[in-house]
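Numbers here simply count residues along the sequence, with the first being 1.
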Amino acid sequence: MNRRPEAPTEEDYLDRTRWPADPWRLIEATPDQTDLGVSETLFAIGNGYLGMRGNVTEGRDSHTHGTFINGFHETWPIHHAEEAFGFARVGQTIVNAPDAKVIRLYVDDEPLLLSVADLLQYERSLDFRDGVLSREIIWRTPSNKRVHVVAKRMVSFTERHLAVLEFEVTMLDAKAPIAISSQILNRQDGEDEYHVRSKAMGEGHDPRKSEGFDRRVLEPKHSWGDAEEARVSLGYRAVESGMTLAVAADHFLETENQYTQRVHVDDDLAKMTYRIAAEPGKTIRLTKLVAYHTSRGVPVRELVDRCRRTLDRAHDAGIEVLYSDQRAWLGDFWTRSDVEVPGHLEVQQAIRWNLFQVAQASARAEGAGIPAKGVTGSGYSGHYFWDTEIYVLPFLTYTNPDHARNALRFRHSLLDAARRRAREMSQSGALFPWRTINGEEASAFFAAGTAQYHIDADIAYAVTQYYLATNDEDFMIRQGIDVLVETARMWLDLGFWRDEEVGTFHIHGVTGPDEYTTVVNDNLFTNVMARFNLRAAALAVTRLAERDGPAYDQMVTRLALDDHEVARWERAARDMAIPYDEALGVHPQDQHFLEREVWDLDNTPEDMRPLLLHYHPLVIYRFQVIKQADVVLALYLQGKHFTAEQKRADFEYYDPVTTGDSTLSAVVQSIIAAEVGYRDLAFNYFLGALFVDLGDRHKNTTDGVHVASTGGVWSVLVGGFGGFRDHQGEFTIDPRLPDLWHELTYRVTIQGTRVRVTVRQDELELEVEDQQENGVGELVDPVISVRGEAVTVKPDAPVVIPLDGQGPNIAGTPPRVAGRRRADGTIITAIVPGG
């Protein structure tokens, strides 16, 4: 990818001959066999628990078959070349579940294969209003018969364990014998998907991909089928993790044609086969209801019973009710979440695709986290990272707070494991794992993994943001405060006061968000966020003592809180070392960052990007080069603690040495670029982030959707261009609308009140769309400061505030770092390793 888009237009990112613009659908007008992996990701459907990649219904002509269940994983021993105490020991990898998507079609005994079929008509679409993936084709068979085929697929948001598939076939001008084979497969075309390669999948090593296995993962425990009931089921147990899974499918065939049906099941295959004497004009419609259930150890037979109950309930409700409930659920989602940019069709389509992906990754993730790829692929092994708290939860907190609460309750469920990890790392309190599924640290590369202690503060940030946006006292009293206290304890123990320095608290040996600079002292992002964590914990404890004495006493007993701990947290926060270089007028990323040579990104060949795939880590660590925004992210999350001048200076220094090798970077660079005056650059970064997956800009969309980036797109729209900020419960708006846009509308829910914010070039309009009680049963009229003027937003009383422009617009991009003189007189130079 280009690190800095050169003034792209909104139409530059997609081939509109293949992907027509539509504000509510992603449409594929022409099938393309050259990038099946990408299209399978883009057309994946899911609900946060169950996900199905957009593989073709017929089960062939696919790049990567995939059906994923959030949290369903296998474990395996991590072998280190050189052992050391405290290294992660047990890896966790999401397991590709049995595939129930397959419905194969034969006409005159000829299979439908899209790669070779004579297609007279083709369209595939994913509708964001009903969550239905549809495909409609007219196929001319080798015997010159025209066949109309419609396939639909839906994973239900209202029935967590249910998927609905429909397959409709009509002979248009001739009769023919037709066979339809509906299958649940553990194998694809004879290949056992559970005997996969032991290395990361794909050519070469890419740490962003999933690990594989060289052994069988799923042990067959159940197989059953009944032709008369037209129901089949399979069940398995993961060999090492002990997790169990069951899948069952019901079939309903509707047609005026004569047909027969039969069933076949074995350990790795369950299928219903229909043989139909098809007459022209007489439609054959097969409806397939599929249920998946998983557990950490419940016997398979019980899961099979659960699947049967799910299918019985769906059958009793009826297919139309399932579709109607889905439309209603998504209608409510868009009422609370939609972001509108009138007059820009391509952007509007892409925005809604991105926001829809957040829903698909989080809505029914109850009891589990939100994986980096959602349930669309096996990238990053299905692990949960800090991505959730920093990039996804802001969207959920202000639009779908119930989903945010579920995600935070899941983090709380890992607290005991985090306490154990802290003890293992010789720390007090709790240390949450950098990457995990089951709560145990799964990062084998500690320098860029375990050392990212800032995840504790990221989780504390999300807890605090959620609480201040909702006033959910029940969550804070029972879960949130435990997380805040235990993470604050970790920071106090990790950091230290130097005897020779008065009043400075240091944190050494950590890695910040920038994984191209590891195990450093006083990483700015880490220190700034740790300061926030310590203050948030102290405030939460003090507030609870003042508001609810009995709950406070219970918390003190539960956590064995010492009377003096809060004072020590406050002191450490007050004394936190915040690096600053007076000569350059910038905040160093860490204590020694500015002493390094500068990497010359302009002269680094594109085929040597991303750097992590082409240079040894030690080479990268020696330079000023940044994988993803680090200091710049701190400027956004803790903007109240930096002056406008500091933000601009920091952005101008770090932007030129940021590679953008991480999809987490562009959204943050866009937000701060807009704030400090580089509005054109902000728009360019936004477009790059908006089309990360739709344009496959990082060349790894095949591994699954970049869920953090999709959440970050909302943050750019609302926090960057929309200007919305939450400074620990103080809500402000200072818009930076792109010159090309005449209007931007978004929604934020504050303390139960949903406010529609409409930004125009010369005015800002605030209007209450809905008002519900907050977490303590109060109706709240939000107070929002608009460019320094406090505005109270009340129901039935829209407020319009004139705007004096959209802030400065600095032309071009920040100057290069090369040639800047340090205080000691040395010149910073830019170097390409090996050049």
Side-chain angles (χ1 to χ4, degrees), residues 26 28 35-57 62-73 93-101 124-128 131-133 153-157 160 163 165 193 201-202 206 208-210 290 292 330 350 352-365 368-385 387-388 391-392 395 403 407 437 663-664 689-713:
L26 180 66
E28 182 182 52
D35 67 347
L36 286 175
V38 172
S39 65
E40 288 165 7
T41 292
L42 300 185
F43 286 101
I45 56 173
N47 63 8
Y49 170 75
L50 170 63
M52 293 179 163
R53 283 178 63 80
N55 305 108
V56 295
T57 302
S62 292
H63 179 279
T64 308
H65 289 280
T67 298
F68 300 101
I69 298 175
N70 190 355
F72 185 72
H73 68 279
T93 300
I94 195 169
V95 174
N96 197 346
D99 186 4
K101 301 189 299 292
R124 179 165 60 159
S125 68
L126 175 59
D127 196 314
F128 315 138
V132 174
L133 175 64
R153 188 182 301 166
M154 179 186 81
V155 173
S156 174
F157 284 106
R160 184 175 188 243
L165 299 93
E193 288 192 301
M201 299 174 186
D206 186 339
R208 300 167 297 182
K209 293 181 179 289
S210 173
V290 183
Y292 286 87
L330 280 166
R352 287 182 175 138
W353 183 88
N354 277 268
L355 299 187
F356 182 67
Q357 298 310 314
V358 184
Q360 293 203 127
S362 64
R364 303 307 303 270
I370 300 174
K373 298 293 185 180
V375 282
T376 65
S378 61
Y380 290 113
S381 303
H383 289 167
Y384 318 130
F385 294 81
D387 304 23
T388 298
Y391 292 88
V392 178
F395 167 74
H403 302 166
I437 296 178
T663 59
L664 302 181
L690 185 66
F691 293 99
V692 156
D693 288 314
L694 289 168
D696 193 21
R697 304 193 73 238
H698 282 244
K699 305 305 178 187
N700 63 348
T701 296
T702 184
D703 300 325
V705 170
H706 293 86
V707 172
S709 181
T710 65
V713 164

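- Panel note: side chain N47, backbone G51; no donor-acceptor pair is recorded below 3.5 Å.
- Between the OG1 atom in T93 and the CZ atom in F72 there is a gap of 12.5 Å [rounded to 0.5 Å].
- Between atom CG of residue L133 and atom CG of residue L165 there is a gap of 9.5 Å, rounded to the nearest 0.5 Å.
- Judged purely by atom type and a 3.5 angstrom limit, N70 uses its side chain to pair as donor or acceptor with the backbone of G369.
- A distance of 11.5 Å separates OG1 in T376 from CD in E40, rounded to the nearest 0.5 Å.
- Put simply, OG on S709 and CZ on R697 are 10.0 Å apart, with the number rounded to the nearest 0.5 Å.
- Here the options are L355, L26, L330, the test is side chain to side chain contact (heavy atoms under 4.5 Å, CB included), and the partner is F128; only L26 passes.
- Of the residues listed (V38, L42, N354), the one engaging D693 in a side chain to side chain contact (heavy atoms under 4.5 Å, CB included) is L42, and it is the only one.
- Minimum heavy-atom separation, I370 to A361: CG2-O, 3.8 Å.
- Between atom CD of residue E28 and atom CZ of residue R124 there is a gap of 4.5 Å, rounded to the nearest 0.5 Å.
- Taking every heavy atom of both residues into account, T41 and T701 meet most closely at OG1-O, 2.7 Å.
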Exercise for the section: Show the numbers, then the answer: is there a side-chain contact (heavy atoms from CB on, under 4.5 Å) between V392 and V707? Expected result: CA-CA 8 Å; V392 178; V707 172; 3.9 Å; yes
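- Here the closest non-hydrogen pair linking N55 and R153 is O-NH2, 2.9 Å.
- Residues K373 and H706 are in side-chain contact: their nearest non-hydrogen atoms beyond the backbone lie under 4.5 Å apart.
- With hydrogens and angles left out, the side-chain atoms of H63 and D35 include no donor and acceptor closer than 3.5 Å.
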Exercise for the section: Show your working on side-chain contact (heavy atoms from CB on, under 4.5 Å) between S62 and L36 and close with a plain yes or no. Expected result: CA-CA 6 Å; S62 292; L36 286 175; 5.5 Å; no
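- G382 and I437 make their closest contact through O-CG1, 3.6 Å (heavy atoms, listed as atom of the first residue, atom of the second, distance).
- Note: F356 and F157 have perpendicular aromatic rings, judged against thresholds of 30 and 60 degrees for the angle between ring planes.
- With hydrogens and angles disregarded, a donor-acceptor distance shorter than 3.5 Å links the side chain of K101 to the backbone of G66.
- If you take NE2 on H73 and CD1 on I94, they are separated by 10.0 Å, rounding to the nearest 0.5 Å.
- For A372 against D387, the heavy-atom pair with the smallest separation is CB-OD2, 4.0 Å.
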Practice task
Give the intermediate values and the outcome of side-chain contact (heavy atoms from CB on, under 4.5 Å) for residues T663 and Y391.
Solution key: CA-CA 11 Å; T663 59; Y391 292 88; over 6 Å; no
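- Listed for the Q360 side chain is a donor-acceptor partner under 3.5 Å among the backbone atoms of G46.
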Handout entry: Verdict with reasoning, Y49 to I69, per side-chain contact (heavy atoms from CB on, under 4.5 Å)
Key = CA-CA 6 Å; Y49 170 75; I69 298 175; 3.5 Å; yes
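- The two residues F68 and S378 come nearest to each other via the heavy atoms CZ-N, 3.8 Å.
- No donor-acceptor contact under 3.5 angstrom links the side chains of R53 and T67, judged on distance only.
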